[in-house]
Number of protein chains: 2
Amino acid sequence: MATGSNRKTKQRDALVSVLERAERPLSVAELLEAASKRIEGLGVATVYRAVGALLDDGRIDAVEIPGEPTRYERSDKGHHHHFQCEKCDRVFDIAGCLDNLRKLVPPKFRVKQHSVMLYGVCATCSR
Amino acid sequence: MATGSNRKTKQRDALVSVLERAERPLSVAELLEAASKRIEGLGVATVYRAVGALLDDGRIDAVEIPGEPTRYERSDKGHHHHFQCEKCDRVFDIAGCLDNLRKLVPPKFRVKQHSVMLYGVCATCSR
DNA sequence: TCGATAATGATATCCTATTATCAATAGAAG
DNA sequence: CTTCTATTGATAATAGGATATCATTATCGA
């Protein structure tokens with residue numbers, strides 16, 4: 001809500017940069033770890049604050065998975081879905097989507113959005 | 001783990017009955033409310049215990065949705081997915097499934113299971 | 001009908017992601 | 001360089017679902 005200013009800080013820059021470059025959705029813990037390599041002593045609260053602001057600005061989207069901490073990813077990727085590896089717990093983007101999902105729904109049900117989660121073992125952990 | 005006995009109680013009977021007859025996945029709160037109509041003073045702990053036991057026995061399955069309490073449903077329904085109404089929060093079964101999901105995944109990724117969640121407004125709330 | 005003990009219900013506790021608090025720090029305007 | 005105050009970081013507090021505890025109750029075999 002605060003329309004206050006928006007000072008440029010190294011921690012925010014680092015976090016934005018990590019999110020921009022990320023090739024998969026990252027949790028707060030992952031963000032903290034990644035950005036900590038550049039920012040000595042980065043705190044969790046700062047990560048949560050930055051994530052909150054970026055969500056408000058619509059620059060990132062939340063990827064929610066049952067029983068898992070929320071992941072975040074750039075919002076400019078277009079419609080897609082996700083895959084979670086049961087070994088390393090990482091979440092990956094899956095391009096494409098079956099849009100014929102709608103026809104599964106009974107009449108009178110209005111579908112506004114959907115999410116598809118795939119679970120299995122990722123390429124790295126398959127080796 | 002306990003291989004202990006398994007006494008027949010009215011609360012368990014009521015809960016099993018509610019789950020058997022349910023036409024959609026029910027949360028612990030919904031189970032409690034439904035079964036309370038028959039069992040005076042039914043407690044939450046009992047519902048959790050019954051649900052736990054039924055899960056162990058494989059008689060029911062958990063339906064997990066991000067940010068929502070887990071729902072439970074009979075495990076003999078066959079593969080299907082779910083729809084949640086944004087008005088009443090209820091979850092409904094959606095028959096059928098797009099099995100071509102697998103082909104969306106990059107090579108070397110092994111898909112073991114998937115879940116599809118549809119969100120929108122149910123028939124009742126559409127009126 | 002008794003007795004051993006599983007099951008129940010009320011409630012305290014845990015868990016874990018997220019938010020709030022507050023003193024210390026550091027952008028940035030002048 | 002100073003000053004103002006947004007931002008930070010450490011940590012306490014919150015929230016909500018699920019589990020543990022324990023005295024009381026009720027099931028069921030003898």
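Quick note on labels: first sequence line is chain A, next is B, and so on, each numbered from 1.
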(message) Any residue in residues 18-38 of chain A with a heavy atom nearer than 4.0 angstrom to DNA chain C? Just list them by number, or reply none.
(response)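 Residues of residues 18-38 of chain A that come under 4.0 Å of DNA chain C do not exist, since none gets that close.
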(request) Report yes if at least one side-chain N or O of B/Y48 is closer than 4.0 Å to OP1 or OP2 of D/dT19; otherwise report no. (result)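 Checking B/Y48 against D/dT19: no side-chain N or O falls below 4.0 Å of OP1 or OP2.
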(request) Taking only the side-chain nitrogens and oxygens of A/T70, find out if one of them lies under 4.0 Å from OP1 or OP2 of C/dA17. (result)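 Checking C/dA17 against A/T70, no side-chain N or O comes under 4.0 Å of OP1 or OP2.
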(message) Over all strands shown, is A/G52 touching base, sugar-phosphate only, or nothing at heavy-atom distances under 4.0 angstrom?
(response)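 No contact.
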What is the distance, to the nearest angstrom, from the [atom1] atom on [X] to the [atom2] atom on [N]?
X     : N      : atom1 : atom2 : value
A/D56 : C/dT19 : CG    : P     : 10 Å
A/E40 : D/dT8  : CD    : C1'   : 14 Å
B/I39 : C/dA7  : CD1   : C1'   : 13 Å
B/R12 : D/dT27 : CZ    : C1'   : 10 Å
B/E64 : D/dG16 : CD    : C1'   : 15 Å

(request) Indicate yes or no: at least one non-hydrogen side-chain atom of A/R59 is less than 4.5 angstrom from one of A/E20. (result)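 Touching, per the 4.5 Å side-chain cut-off.
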Is a salt bridge present between [X] and [Y], judged by a nitrogen-to-oxygen distance below 4.0 Å?
X      : Y     : result
A/K8   : A/D13 : yes
A/K77  : A/D93 : yes
A/R110 : B/E86 : no

(request) Give the B/S/- string for nucleotides 21-30 of chain C, one per nucleotide from 5' to 3', where a protein heavy atom under 4.0 Å of the base yields B, of only the sugar-phosphate yields S, and otherwise -. (result) B----BBS--
(message) Taking atom CD as the centre, does A/E33 end up with more than 12 heavy-atom neighbours from other residues, nucleotides or ligands that are less than 6.0 angstrom away?
(response)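 No.
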